[in-house]
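I have placed the structure first, in the form of structure tokens, so that the comments after it can refer back to it.
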Amino acid sequence: MLHIGSHLSSSAGFLAMGETALSMAADTFQFFTRNPRGSRAKELDVSDAAALASLLQEKGFAPVVAHAPYTINPCSKDAHTREFAHMTMEDDLHRLEYLPGNYYNFHPGSHTGQGTETGIALIAETLNAILTPEQHTVVLLETMAGKGTEVGGRFEELREILDRVSLSDRMGVCLDTCHVSDAGYDIAADPDKVLTEFDRVIGLSRLKAVHVNDSMNPVGARKDRHAKIGEGHLGLEGFRRIVRHPVIRQLPLILETPNELPGYAAEIALLRSL
Ligand code: FE
Ligand code: FE
Ligand code: ZN
């Protein structure tokens, strides 16, 4: 059976997300570690985190995905912005030790004019400063659409980041279907070809999770506008091919489509039916 869930609001707490996921027949989910646009994180409720951790285990959830705020940028040309990313990620990883064995996904960043190579070096520098051998969380680089000065639109760029991280066994990749399509990888037409390329450049053992999103734009558009499943350029037939791929079927799949909970529940059922 597919491991699938959606992005959920964390405003009602950890255990509430687990219960919401169960009500949608999901066995994974994703949440923002803090306000996606802001910086402040709520005081961690240790007993709430423990309650979720035991629910996840009891109900046999696949790993869940904590998503860093998308405003952090560990490869900005501005040193204060980089420092803020460093502090945020370090604090998030510390908190995630209360939900051990899950994933922390982040957008590698935008080089803001410094060039991709400098961006890659700065991202790796941040990771080397925050990863610890003791941590129980695997940090995921998200594949990006390649818009503007984003780093991570090419698999080669993610590989270069991974190559520079010392605690490499604490790192993986989350593939976003909208983003890779926007970046020029035609995953809807031929998922096996894209995964073969991923394997050649990065290695399939690094692939830990998938963001399942349709795209409002055609292959190579570099826009990053998510669409509901079957309502974008990847299309229902594209997703039939994607979720039937033997590699993808083993991974936690997370919907980040423009939906409220009933829409997510319907898409979970739809993808399972494919
Ligand atoms: Fe993301
Ligand atoms: Fe995503
Ligand atoms: Zn996106």
Side-chain angles (χ1 to χ4, degrees), residues 3-10 26 28-38 62-75 85 88-89 92 96 102-110 123 127 137-155 157-158 161 171-185 187-188 191 194 198 202 206-229 231-234 238-239 242-243 248 251-259 263-264 267-268 271:
H3 300 298
I4 184 165
S6 71
H7 189 89
L8 296 174
S9 164
S10 60
T28 183
F29 60 87
Q30 175 176 274
F31 61 99
F32 283 124
T33 53
R34 57 191 73 212
N35 181 329
R37 295 204 158 276
V64 301
V65 182
H67 196 309
Y70 47 72
T71 46
I72 64 162
N73 187 3
C75 63
T88 300
M89 295 175 77
D92 281 349
L96 285 169
N102 294 296
Y103 298 135
Y104 180 56
N105 174 72
F106 77 107
H107 297 179
S110 293
I123 294 159
L127 289 165
T137 301
V138 172
V139 176
L140 307 182
L141 301 167
E142 182 166 350
T143 61
M144 299 311 294
K147 73 171 190 249
T149 65
E150 264 174 10
V151 178
R154 305 285 313 159
F155 295 160
E157 295 167 12
L158 299 178
I161 297 169
M171 294 295 305
V173 173
C174 172
L175 184 151
D176 185 310
T177 57
C178 166
H179 296 178
V180 294
S181 176
D182 276 30
Y185 299 98
I187 193 161
V194 174
F198 186 102
I202 301 176
R206 293 283 187 187
L207 183 58
K208 304 295 186 190
V210 179
H211 284 165
V212 185
N213 303 307
D214 212 327
S215 176
M216 288 173 59
N217 295 288
V219 177
R222 293 172 160 250
K223 291 274 204 253
D224 191 2
R225 301 282 310 280
H226 299 192
K228 293 180 183 179
I229 301 300
E231 296 186 11
H233 283 258
L234 277 69
F239 282 100
I242 290 168
V243 300
I248 294 193
L251 298 168
L253 311 182
I254 306 288
L255 289 157
E256 303 175 308
T257 47
N259 273 308
Y264 279 140
E267 286 188 343
I268 288 169
L271 288 168

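In what follows, every heavy atom counts, from backbone to side chain, and hydrogens, waters and symmetry copies are set aside. All ligand and atom numbering here is 1-based and tracks the order in the structure.
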From His67, does some N, O or S atom reach closer than 2.8 Å to the Fe ion (ligand 2)?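 No, His67 does not qualify, because none of its backbone or side-chain N, O or S atoms lies under 2.8 Å.
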
Which N/O/S atom belongs to [X] and is the closest one to the Fe ion (ligand 2)?
| X | value |
| --- | --- |
| Glu256 | OE1 |
| Asp176 | OD2 |
| His211 | ND1 |
| Glu142 | OE2 |

Are His7 and Phe32 an aromatic pair, judged by ring center distance below 6.0 Å?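 Yes, ring centres under 6.0 Å apart.
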
With a 4.5 Å cut-off on side-chain heavy atoms, are Arg34 and Thr88 touching? yes

Indicate yes or no for a side-chain donor-acceptor contact from [X] to the backbone of [Y] under 3.5 Å, with no hydrogens or angles considered.
| X | Y | answer |
| --- | --- | --- |
| Thr257 | Asn213 | no |
| His226 | Glu256 | yes |
| Asp182 | Ala145 | no |
| Thr143 | Gly153 | no |

Would you say His107 has an N, O or S atom lying under 2.8 Å from the Fe ion (ligand 1)? yes

Degrees at the Zn ion (ligand 3) between the OD1 atom of Asp224 and the NE2 atom of His179, nearest 10°: 90°

Is the distance from the Zn ion (ligand 3) to some N, O or S atom of Cys178 under 2.8 Å? no

